[in-house]
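Since the model is a prediction, treat every value here as computed from it, not as a measurement.
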Amino acid sequence: MDRKIEKKFWSKKRITLVSGGAVVALLLIYNLIFADHRSKLNVEKDKITISKVTRGTFDQYIAVTAVVLPLKTIRLDAIVGGYVSQKYLEGGSMVKRGDSILRLENQNMMMEFVNHETEIYRLINELQNTRQTLKQNRFTMQQTINELDFQIDQAKDLYDRNKQLVDEKIVARQDYIKYKLDYERLVKQKQIEIESQKFQEDNAKIQIERLESTIARTQRNLQMMKDNLNNLVLKAPIDGQLSSVDAEVGGSIQAGQNIGQIDDLNGFKMRAEVDEHYISRVFPGLKASFEFNNKSYELVILKVYPEVKNGRFNVDMKFDKETPEGIRRGQSSPIRLELGKSSAALLLPVGGFFSDTGGNWVYVVDKSGKRAVKRNISLGQKNPQFFEILEGLQEGEQVITSSYENFGDKEVLVF
């Protein structure tokens, strides 16, 4: 007799299905609650740069390139214009003070000089004639006064005699009055002649003073013109090297036109271009240094040029203690320009990451060394080698410092 076989509820198949479902459910729950949902990107570790955060001394400096220049350069500008008749020296020549460099010709200046010279000779002759006339007038006046004195003495004698005789009633009063009037007339005439002579002499003196003043003024003008004629020969104002002469025989030169320069070789300076970002931090007196022939030399900023061109400004630096032997004009060299005092800080090497993040975040390698995670940080000052870390990183941590351009917005990089 057949008997009915009861099926078990927890069959192997059902247990397998339930177990599989439970595992899947647990995986889903774990993935929803505990799994890392951050965006990831696989990268090749050998194609990125990983740097270590260190603690050390942060030096506030920038690296710039400077060019060697003479300590003093004298511009050669034409004081007067003309055409070049002779050229004595070429660029690169060594010169002594007073050496002739080139000669200009200016016919208009020559004619003007000759005319002024002729005018001054005329004025000198006129002055001499006026003085001669004054002397002659003095002699003539003196003769006239002497003659009047003689006539006055005679008239006074007749007047005195007739006054006595008229009192004694020997001479008629009419004759006495005539002699008296003659005497008084001659005395008045003498006074008039004296005043006339004084007037003419004063007038002649005024004319002489005016002529002398005109002559002195004309002589000064003539001397200035003579100096200008001398300026037609351009001479070296100092000893040095004539670096250039921008003029050729037959060419026309305008007054004030620059035709060259002379470098004083008794000293050198270095001129560097600095990014305008540092213009508020660069001032005269700051220290700098550079290497030349395996030896370090110190520099001091001598002058800061305020003009900014193409985002950069110039600074001149002089050698603080000694000038390198063998240095030449036009040589260039990297310069370490100090911007402040050194201080202890956490340091992160400079890299291409900064242009992508602005220094606001970086990828930090975790302890496993198999991935790097995005982390917000804060950076301080920067020098050519390091950033100063203010917060977000610890000493010994490793950071990707190469460019992040190909990482997009991924939060985790998997090596």
Within-4.5 Å side-chain heavy-atom neighbours: L379 and F354: yes
Take atom NZ of K72 as the centre, draw a 6.0 Å sphere, and report whether it contains more than 12 heavy atoms from other residues, nucleotides or ligands. no
I'd like to check L181 versus E184 (side-chain heavy atoms, cut-off strictly below 4.5 Å). Are they in contact? yes
For the backbone of Y61 and the side chain of R336, can you confirm whether one donor and one acceptor N or O come within less than 3.5 Å of each other? no
Please step through side-chain contact (heavy atoms from CB on, under 4.5 Å) for the pair I262 and T73, ending with a clear verdict. CA-CA 6 Å; I262 296 178; T73 297; over 6 Å; no
Heavy atoms only: give me the nearest A78-Q254 pair and the separation to one decimal. CB-O, 3.7 Å
Please report the interatomic distance CG(L242) to CG(L89), rounded to the nearest 0.5 Å. 6.5 Å
From L339 CG over to K382 NZ, what is the distance, rounded to the nearest 0.5 angstrom? 11.0 Å
A345 to F58 - nearest heavy-atom pair and separation: CB-CB, 4.1 Å
Is the ring centre of Y404 less than 6.0 Å from the ring centre of Y363? yes
Do other residues, nucleotides or ligands put more than 12 heavy atoms under 6.0 Å from the CG atom of D46? yes
Donor-acceptor check, side chain of S402 to backbone of T49, threshold 3.5 angstrom: yes or no? yes
At their closest point, which heavy atom of G369 faces which heavy atom of V365, and how far apart are they? CA-CG1, 3.8 Å
What are the two closest non-hydrogen atoms of E322 and F319, and how far apart are they? O-CB, 3.5 Å
Heavy-atom pair with the smallest gap, counting every atom of K235 and I101: C-CD1, 4.2 Å
Main-chain N/O of L102 paired with S100 side-chain donor or acceptor, under 3.5 Å: no
Less than 4.5 Å apart, any side-chain heavy atom of I253 and any of V84? yes
Donor-acceptor contacts, no H, no angles, side chain residues 323-334, under 3.5 Å, sequence neighbours left out:
unit_1: R329; atom_1: NE; unit_2: D263; atom_2: OD2; d: 2.7
unit_1: Q331; atom_1: OE1; unit_2: R328; atom_2: N; d: 3.0

Between E105 and R103 (salt bridge meaning N to carboxylate O under 4.0 Å), is one present in this structure? no
So L71 and D264, side-chain contact (heavy atoms from CB on, under 4.5 Å) or not? Walk me through it. CA-CA 7 Å; L71 189 60; D264 185 354; over 6 Å; no
Residue pair L348 / F386, side-chain heavy-atom distance below 4.5 Å: no
On a heavy-atom basis, which atom in F353 and which in I400 lie closest, and how many Å separate them? CB-O, 4.2 Å
List the atom pairs, with distances to 0.1 Å, where a side-chain N or O of residues 270-289 and a protein N or O form a donor-acceptor pair under 3.5 Å, not counting sequence neighbours.
unit_1: R271; atom_1: NE; unit_2: D316; atom_2: OD1; d: 2.7
unit_1: R271; atom_1: NH2; unit_2: Y305; atom_2: OH; d: 2.9
unit_1: R271; atom_1: NH2; unit_2: D316; atom_2: OD2; d: 3.1
unit_1: D275; atom_1: OD1; unit_2: H277; atom_2: N; d: 2.8
unit_1: R281; atom_1: NH2; unit_2: Q60; atom_2: OE1; d: 2.8
unit_1: R281; atom_1: NH2; unit_2: Q381; atom_2: OE1; d: 3.2
unit_1: K287; atom_1: NZ; unit_2: D320; atom_2: OD2; d: 3.3

F407 vs I48, side-chain contact (heavy atoms from CB on, under 4.5 Å): CA-CA, chis, key distance, verdict: CA-CA 11 Å; F407 299 162; I48 60 175; 3.9 Å; yes
What distance separates S39 OG from K410 NZ, expressed to the nearest 0.5 Å? 5.0 Å
Rounded to the nearest 0.5 Å, what's the gap from CD1 on I194 to NZ on K198? Could you check? 11.5 Å
Could you tell me if the side chain of L346 sits less than 4.5 Å from the side chain of L393, heavy atoms only? no
Hey, does I50 have a side-chain heavy atom less than 4.5 Å from the side chain of F415? yes
Side chains of V315 and V304: closer than 4.5 Å at any heavy-atom pair? yes
What class does the angle between the rings of F290 and Y297 fall in, given that below 30° is parallel, 30 to 60° is tilted and above 60° is perpendicular? tilted
Just wondering, do I377 and T357 contact through their side chains at under 4.5 Å, heavy atoms? no
Enter the distance from D59:CG to E388:CD here, rounded to the nearest 0.5 Å. 11.5 Å
Could you tell me whether N310 atom CG has more than 12 heavy atoms of other residues or ligands within 6.0 Å of it? no
N293 side chain to K295 backbone, donor-acceptor under 3.5 Å: no
Would L41 and N406 count as a side-chain contact (heavy atoms from CB on, under 4.5 Å) here? Give the steps. CA-CA 10 Å; L41 178 69; N406 298 323; over 6 Å; no
Distance col, row L299:CG vs E338:CD, nearest 0.5 angstrom, shows 11.0 Å
